[in-house]
Novice: 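Mind having a look at this structure? Questions to follow.
Only heavy atoms go into these numbers, but all of them, side chains included; no hydrogens, no water, no symmetry mates.
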Amino acid sequence: MKLYSLSVLYKGESKTVLLKAAYDVSSFSFFQRSSVQEFMTFTSQLIVERSAKGSRASVKEQEYLCHVYVRNDSLAGVVIADSEYPSRVAFTLLEKVLDEFSKQVDRIDWPTGSPDTIQYTGLDSQLSRYQNPREADPMTKVQAELDETKIILHNTMESLLERGEKLDDLVSKSEVLGIQSKAFYKTARKQNSCCAVM
């Protein structure tokens, strides 16, 4: 079981803004890490953009699961994990992080914030702590709350896209991804290897 990223975002009217993120890309080769990290950011933003306010969902892409929680106040969180990581624990983590974030970061800063301007330091420690879900999740009261919440599992990333849209087209148009990351995506897609992310 592995957590790869934990992100806090703001779902704006016209675009989704990354506010803060933590990554664990140690299982990828050194030369792939920056591209993998960019793809995690890209995927997190795309999932939040396509998710309704007040919703929780899990989106499967290859052997990864992206868990998203978009609150009614437009604050959103995304956890990217392997498919073995328990969904309930991922959503517990998201709820905890978003609660902490909203208490520490003034709401007026959310629409215009960025990882460089937002002063919140809890993500790295939470990502590390929740790597082992059995030790990190003694809070069983959240289980009942999550059992009552309908969590949608999309079969693939393509099912999240609008009719006629292709992930390849979104990647090529993305302003978040650099040239090297786009080339990495194309190569990984062609090889359909286990190191292809999102």
Novice: Before you tell me yes or no, could you show the steps for Ile80 and Leu3 under side-chain contact (heavy atoms from CB on, under 4.5 Å), namely the whole-Å CA-CA distance, both residues' side-chain angles and the distance that decides it to 0.1 Å?
Specialist: CA-CA 6 Å; Ile80 298 177; Leu3 287 178; over 6 Å; no
Novice: Is it the case that the side chain of Ser44 and the backbone of Met40 share a donor-acceptor pair, with hydrogens and angles ignored and the cut-off at 3.5 Å?
Specialist: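 It does hold such a pair.
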Novice: List the residues meeting salt bridge (charged side-chain N to carboxylate O under 4.0 Å, His left out) with Glu84, not counting sequence neighbours, and say none if there are none.
Specialist: none
Novice: Could you measure the distance from the CG atom of Leu46 to the CZ atom of Phe39? Nearest 0.5 Å is fine.
Specialist: 11.5 Å
Novice: Start with the C-alpha gap between Tyr130 and Lys96, add the side-chain angles, then the distance that decides, and say whether side-chain contact (heavy atoms from CB on, under 4.5 Å) holds.
Specialist: CA-CA 11 Å; Tyr130 273 79; Lys96 180 177 182 168; 3.9 Å; yes
Novice: Ignoring hydrogens and angles, state whether a donor on the side chain of Ser83 or Lys60 is under 3.5 Å from an acceptor on the partner side chain.
Specialist: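 Short answer, no.
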Novice: Once ring-ring contact (aromatic ring centres under 6.0 Å, His included) is applied, do any residues pair with Tyr4, and if so which ones, sequence neighbours excluded?
Specialist: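 Result, ring-ring contact (aromatic ring centres under 6.0 Å, His included) vs Tyr4: Phe28, Tyr64.
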Novice: May I ask you to test the Val97-Tyr120 pair for a side-chain heavy-atom distance under 4.5 Å?
Specialist: yes
Novice: Identify the heavy atoms of Leu98 and Gly77 that sit nearest to each other, and give their distance.
Specialist: CD1-N, 3.7 Å
Novice: State, with a plain yes or no, whether a side-chain heavy atom of Leu18 is found less than 4.5 Å away from one of Ser7.
Specialist: yes
Novice: Does the side-chain contact (heavy atoms from CB on, under 4.5 Å) test come out yes or no for Tyr85 and Leu65, once each step is laid out?
Specialist: CA-CA 8 Å; Tyr85 197 89; Leu65 271 177; over 6 Å; no
Novice: Distance check, rounded to the nearest 0.5 Å: Leu6 atom CG versus Ser128 atom OG?
Specialist: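 Rounded to the nearest 0.5 Å, the CG-OG separation comes out at 11.5 Å.
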Novice: Where is the tightest heavy-atom contact between Val25 and Arg33, given as atom of each residue plus distance?
Specialist: O-NE, 3.3 Å
Novice: In chain order, what residues pass the salt bridge (charged side-chain N to carboxylate O under 4.0 Å, His left out) check against Asp82, with sequence neighbours excluded?
Specialist: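 By the salt bridge (charged side-chain N to carboxylate O under 4.0 Å, His left out) rule, Asp82 matches no residue at all.
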Novice: Side chains of Cys66 and Thr43: closer than 4.5 Å at any heavy-atom pair?
Specialist: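 Yes. Closest side-chain heavy atoms under 4.5 Å.
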Novice: Could you pull out the closest heavy-atom pair between Ala52 and Val70, with the gap in Å?
Specialist: O-CB, 3.6 Å
Novice: Does Arg56 use its side chain to pair, donor to acceptor, with the backbone of Tyr69 at less than 3.5 Å?
Specialist: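 Side chain of Arg56 to backbone of Tyr69, a donor-acceptor pair under 3.5 Å: no, none is there.
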Novice: Which heavy atom in Val17 sits nearest to a heavy atom in Gly113, and how many Å separate them?
Specialist: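 Residues Val17 and Gly113, closest heavy atoms: CG1-O, 3.0 Å.
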Novice: Could you check whether Lys53 pairs with Asp73 (Lys NZ or Arg NE/NH1/NH2 to Asp/Glu carboxylate O, under 4.0 Å)?
Specialist: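 Between Asp73 and Lys53 there is no salt bridge, as every charged N stays at least 4.0 Å from the carboxylate O atoms.
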Novice: Show the nearest heavy-atom pair for residues Phe91 and Ala57, with the distance to one decimal.
Specialist: CZ-O, 3.4 Å
Novice: Under 3.5 Å, is there a donor-acceptor pair between the side chain of Lys11 and the main chain of Thr16?
Specialist: no
Novice: Just by distance, with hydrogens left out, do Thr112 and Tyr10 show a side-chain donor and acceptor under 3.5 Å apart?
Specialist: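 Result is no, nothing qualifies.
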Novice: Are Lys2 and Ser27 close enough, and set up right, to give a side-chain contact (heavy atoms from CB on, under 4.5 Å), and what steps lead you there?
Specialist: CA-CA 10 Å; Lys2 178 81 173 163; Ser27 59; 4.3 Å; yes
Novice: Would you mind reporting whether Arg50 and Gln45 have side-chain heavy atoms less than 4.5 Å apart?
Specialist: no
Novice: Do Asp99 and Arg71 sit within salt-bridge range, that is, some charged N less than 4.0 Å from a carboxylate O?
Specialist: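 Arg71 and Asp99: salt-bridged.
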Novice: Would you check if the side chain of Ser51 reaches a backbone N or O of Ile47 as a donor-acceptor pair within less than 3.5 Å?
Specialist: yes
Novice: Check for a donor-acceptor pair, side chain of Asp116 on one end and backbone N or O of Ile118 on the other, with a separation under 3.5 Å.
Specialist: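 No, Asp116 side chain to Ile118 backbone: no donor-acceptor pair under 3.5 Å.
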Novice: How close do Val78 and Leu9 get, counting heavy atoms only, and between which atoms?
Specialist: CG2-CD1, 3.9 Å
Novice: Going by heavy atoms in the side chains, are Val105 and Leu19 under 4.5 Å from each other?
Specialist: no
